[in-house]
Amino acid sequence: MSHSNPGPSDSDSTRPVKSARQTPSTEETDADQTTDTCPECDGRLQVDPSHGETICAECGLVIQRDRIDHGPEWREFEDTDAGEKSRVGAPLTNRQHDQGLSTTIDWQDKDAYGKSLSSRQRQKMKRLRTWDERFRTRDSKERTLKHALGEIDRMASALSLPDTIRETASVLFRRTLDDDLLPGRSIESMATACLYTAARQAEVPRSLDELAEVSRVDKHEFSRAYRYICRELGLELEPTQPDDYIQRFTSALDFPHELETRARELLELGREHDVNVGKNPVGLAAASIYAAALYLDEDITQAEIADVTNISEVTIRKRYSDLLEADPNHPR
DNA sequence: ATGGTTTTTACTGCGTC
DNA sequence: GACGCGGTAAAAACCAT
């Protein structure tokens with residue numbers, strides 16, 4: 001009866017569980033007042049009843065979605081109740097500029113039975129469509145939002161990021177819009193920055209290079225926008241961990257799961273010997289994968305890893321020789 | 001702006017298939 | 001001889017001050 005959808009985070013389930021990020025206990029207590037704090041920024045969590053979402057008041061991170069059944073309430077006893085109790089409809093979403101509420105006039109010149117309209121009617125529909133369109137994107141902010149959310153969706157799909165992250169990115173963009181951070185910056189760069197931020201907050205980071213490949217603006221533009229919104233919205237993000245890139249890179253290279261764990265061990269070893277402080281986490285991930293591949297006799301060249309990670313061979317060499325030195329029983 | 005650090009680019013020499 | 005690898009110098013990029 002209720003929407004028991006498996007949840008968008010499923011596409012993420014292949015990742016090894018790092019720690020209990022989700023707080024499943026809140027499901028049971030089910031109180032609207034939750035005293036938890038955001039795992040990202042320790043901000044206060046609040047429940048948005050209209051969306052059934054738990055979001056962080058500080059950074060806009062969506063913790064949990066769809067706790068409210070959006071299904072209908074079938075309780076109309078008298079005629080006067082007609083329509084009032086029925087709350088049928090799709091759930092609200094932040095990912096459409098009008099939160100998914102508006103209707104659109106179809107582009108086909110057909111009536112409800114699928115028959116073609118007379119030419120007179122066609123004229124009329126054309127005019128109506130024009131006004132309908134103007135109405136739906138009434139002012140510039142709505143238009144901006146529409147554009148941005150479309151872009152966020154497109155880029156998130158290209159990077160196969162789950163829905164929760166798109167939601168977070170959408171919330172972030174709304175905040176930048178509400179705080180008037182947009183003037184002077186392109187919508188594209190802001191939208192890209194929001195997505196980048198959202199992915200980092202959810203600990204499934206995509207590198208700046210990866211974002212740059214799907215964005216319509218270049219790296220510098222949106223990384224400037226990113227720093228800007230971090231400052232203005234007071235977001236404090238931890239630096240990304242090399243571990244967060246391991247799973248994606250190993251699977252892109254068709255390596256077995258075993259290699260993944262080996263790479264993580266190497267990173268841990270490196271951490272203990274302080275050889276990876278101040279280094280690019282993406283470079284470290286690439287190096288640990290290369291090193292792990294050597295241990296496990298995988299057939300791989302530095303060039304191939306450099307290719308999928310966008311890290312130069314030189315850097316891979318440097319980082320992985322660091323890692324080997326940290327390993328007391330390395331092969332050579 | 002500046003200086004320190006990291007990463008990239010370009011190039012060289014060595015061993016192997 | 002092409003390829004993978006290790007190294008180096010210089011340029012570029014990045015970051016804090």
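We use all heavy atoms of the structure for the numbers below, so side chains are in, but hydrogens, waters and symmetry mates are not.
- At whole-Å resolution of the value, CG in A:Asp299 and P in C:dC3 are 15 Å apart.
- When the C1' atom of B:dT5 is taken as reference, atom CG of A:Asp322 falls 14 Å away, rounded to whole Å.
- What separates CD of A:Glu221 from P of C:dA13 is a distance of 16 Å, to the nearest Å.
- The aromatic rings of A:Phe222 and A:Tyr196 sit tilted relative to each other, their planes meeting at an angle between 30° and 60°.
- One finds no salt bridge joining A:Arg175 and A:Asp178 here, because no Lys/Arg side-chain nitrogen approaches an Asp/Glu carboxylate oxygen to under 4.0 Å.
- In summary, the side chains of A:Ser189 and A:Thr192 do not present any donor paired with an acceptor at a separation below 3.5 Å, with no hydrogens or angles considered.
- Phosphate proximity of C:dC5 to A:Tyr290: present, with a side-chain N or O under 4.0 Å from OP1 or OP2.
- Considering only side-chain N and O atoms, A:Gln302 lies under 4.0 angstrom from the phosphate OP1 or OP2 of C:dG6.
- In this structure, A:Tyr320 places its OH atom 12 Å from C1' of C:dG7, rounding to the nearest Å.
- Between A:Arg216 and A:Glu151 there is a salt bridge, since a side-chain N of the basic residue sits under 4.0 Å from a carboxylate O of the acidic one.
- If you take CG of A:Asn276 and P of B:dT6, they are 12 Å apart, rounded to a whole angstrom.
- Counting non-hydrogen atoms of neighbouring residues, nucleotides and ligands closer than 6.0 angstrom, the CD atom of A:Glu268 exceeds 12 such neighbours.
- With rounding to whole Å, A:Leu208 atom CG is found 19 Å from B:dT6 atom P.
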Set out, line by line, the N/O atom pairs under 3.5 Å between protein and nucleotides 7-11 of chain B.
unit_1 : atom_1 : unit_2   : atom_2 : d
B:dT7  : OP1    : A:Asn280 : N      : 2.6
B:dT7  : OP2    : A:Arg319 : NH1    : 2.3
B:dT8  : OP2    : A:Ser312 : N      : 3.4
B:dT8  : OP2    : A:Ser312 : OG     : 3.1
B:dT8  : OP2    : A:Thr315 : OG1    : 2.4

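- A salt bridge links A:Arg271 with A:Asp243: the closest approach of a Lys/Arg side-chain nitrogen to an acidic carboxylate oxygen falls below 4.0 angstrom.
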